[in-house]
Amino acid sequence: MHMQSPPVNSLSLDFLTELCISLEKLEMDKGCRGLIITSVLSNQPKVFSAGLDILEMYGKSPEHCGEFWKVVQEMWLKFYGSNMGSSPAGGCLLSLTCDYRIMADNPRYTIGLNETQLGIVAPFWFKETMVNTVGHRNTEVALQLGLLYKPAEALKIGLVDQLVPEDQVFTVASQTMTKWLTIPGNVSVITTKSTLNLLFSFQLWCFNLV
Ligand SMILES: CCCCCCC/C=C/C(=O)SCCNC(=O)CCNC(=O)[C@H](O)C(C)(C)COP(=O)(O)OP(=O)(O)OC[C@H]1O[C@@H](n2cnc3c(N)ncnc32)[C@H](O)[C@@H]1OP(=O)(O)O
């Protein structure tokens with residue numbers, strides 16, 4: 001899936017709604033077993049996604065914000081595989097929801113949950129998704145300081161899985177997905193994934209009760 005919403009693929013209500021509809025269609029397509037999401041913006045260096053559209057959250061009615069927030073959560077529930085350039089905040093969340101993250105090895109790119117730098121709080125489920133990926137201590141430091149990591153640092157803490165030269169990102173992503181798809185039987189993979197997420201799903205359920 002190619003994201004192309006200039007200038008920076010910011011996640012607006014319209015963009016997220018279209019993304020969720022496209023994902024729903026792919027989920028219903030029995031021939032589709034995986035998804036590589038990438039940015040085809042023409043800017044250099046490339047942005048994967050600038051995160052939530054800041055203008056979507058400013059000066060809007062509570063109803064509009066509610067609708068926006070619902071679609072952000074829906075997006076978080078659906079994702080699978082990714083490759084990328086710069087990914088701050090919601091852009092980082094988008095890639096954290098994927099099974100495997102391949103980042104272009106260009107020090108001008110950064111990734112991380114930088115919300116505190118903007119004076120906002122990374123929501124509970126952003127934080128928990130980060131903890132599940134890089135562990136508690138790395139998350140503690142990253143979130144409190146609102147750190148944006150360059151590719152080599154992101155690889156070191158496990159925020160991304162692989163760095164590749166910029167012109168090879170898509171080829172390597174395709175090869176990686178081919179390897180993942182050799183695992184037989186969708187059901188065992190999906191069940192394993194659900195088991196890994198069981199505690200988090202329960203926490204989220206409790207959180208929604210309060
Ligand atoms: C309802 C409750 C919500 C609670 C939310 C809590 C969680 C929040 C999550 C978030 O995702 S908040 C968003 C955080 N995002 C950022 O901090 C990213 C900010 N942007 C950048 O760092 C850079 O723009 C970039 C992505 C690295 C790209 O840099 P580049 O130099 O290539 O482009 P710029 O000249 O900076 O930007 C071009 C253009 O795009 C506009 N823009 C950038 N980011 C956003 C954004 N997130 N939303 C809306 N618009 C954005 C930027 O203003 C420029 O616009 P113009 O000036 O050209 O009009």
Side-chain angles (χ1 to χ4, degrees), residues 2-20 37-79 82-98 101-134 139-154 159-160 163 166 169 200 203-204 207-208 210:
H2 299 305
M3 295 195 292
Q4 191 173 23
S5 179
V8 289
N9 284 335
S10 61
L11 306 170
S12 63
L13 179 57
D14 284 350
F15 185 61
L16 282 171
T17 304
E18 200 178 322
L19 206 58
C20 287
I37 179 163
T38 187
S39 161
V40 289
L41 293 173
S42 56
N43 55 2
Q44 285 300 336
K46 257 199 184 81
V47 174
F48 176 66
S49 164
L52 303 191
D53 192 319
I54 290 163
L55 301 175
E56 199 75 61
M57 299 183 265
Y58 178 74
K60 297 288 190 320
S61 67
E63 292 73 27
H64 186 97
C65 288
E67 208 184 329
F68 179 54
W69 206 225
K70 207 171 125 206
V71 78
V72 174
Q73 293 192 344
E74 217 171 295
M75 172 273 287
W76 171 74
L77 286 170
K78 283 186 189 308
F79 260 103
S82 137
N83 74 59
M84 61 206 170
S86 279
S87 316
C92 176
L93 178 77
L94 195 62
S95 62
L96 281 173
T97 57
C98 299
R101 284 165 287 284
I102 298 168
M103 189 169 191
D105 195 4
N106 178 340
R108 291 174 72 186
Y109 295 148
T110 56
I111 178 169
L113 294 178
N114 62 324
E115 279 80 354
T116 50
Q117 291 275 8
L118 310 174
I120 49 182
V121 179
F124 157 76
W125 43 285
F126 279 49
K127 185 266 298 174
E128 212 50 34
T129 311
M130 182 87 161
V131 170
N132 285 345
T133 308
V134 301
T139 305
E140 198 170 35
V141 175
L143 263 66
Q144 294 199 56
L145 298 177
L147 295 181
L148 286 170
Y149 295 88
K150 289 184 189 305
E153 299 161 339
L159 187 52
V160 296
L163 303 183
E166 196 143 3
V169 172
F200 185 21
Q203 285 172 320
L204 196 61
F207 186 77
N208 282 331
V210 293

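Order of appearance sets the numbers: ligands from 1, and atoms from 1 within every ligand.
- The aromatic rings of Trp125 and Trp69 sit tilted relative to each other, their planes meeting at an angle between 30° and 60°.
- Between the OG1 atom in Thr97 and the CG atom in Asn132 there is a gap of 12.5 Å [rounded to 0.5 Å].
- In terms of heavy atoms, Arg101 sits closest to Leu159 at NE-O, 2.9 Å.
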Identify every side-chain donor-acceptor pair in residues 11-19 under 3.5 Å, counting partners at least two apart or on other chains, and give the distances.
| from | atom 1 | to | atom 2 | distance (Å) |
| --- | --- | --- | --- | --- |
| Ser12 | OG | Phe15 | N | 3.1 |
| Thr17 | OG1 | Leu13 | O | 2.6 |

Distances only, to 0.1 Å: what are the N or O pairs between ligand 1 and the protein that fall under 3.5 Å?
| from | atom 1 | to | atom 2 | distance (Å) |
| --- | --- | --- | --- | --- |
| ligand 1 | 11 (O) | Leu52 | N | 2.8 |
| ligand 1 | 11 (O) | Gly90 | N | 2.8 |
| ligand 1 | 15 (N) | Ala50 | O | 2.8 |
| ligand 1 | 17 (O) | Asn114 | ND2 | 3.1 |
| ligand 1 | 47 (N) | Ala50 | O | 3.3 |
| ligand 1 | 47 (N) | Leu52 | O | 3.0 |
| ligand 1 | 48 (N) | Ile54 | N | 3.0 |

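- Of the possible donor and acceptor atoms, none in the side chain of Lys127 sits under 3.5 Å from a partner among the backbone N and O of Glu140.
- Judged purely by distance below 3.5 Å, without hydrogens or angles, the side chains of Ser10 and Asp53 pair a donor atom with an acceptor atom.
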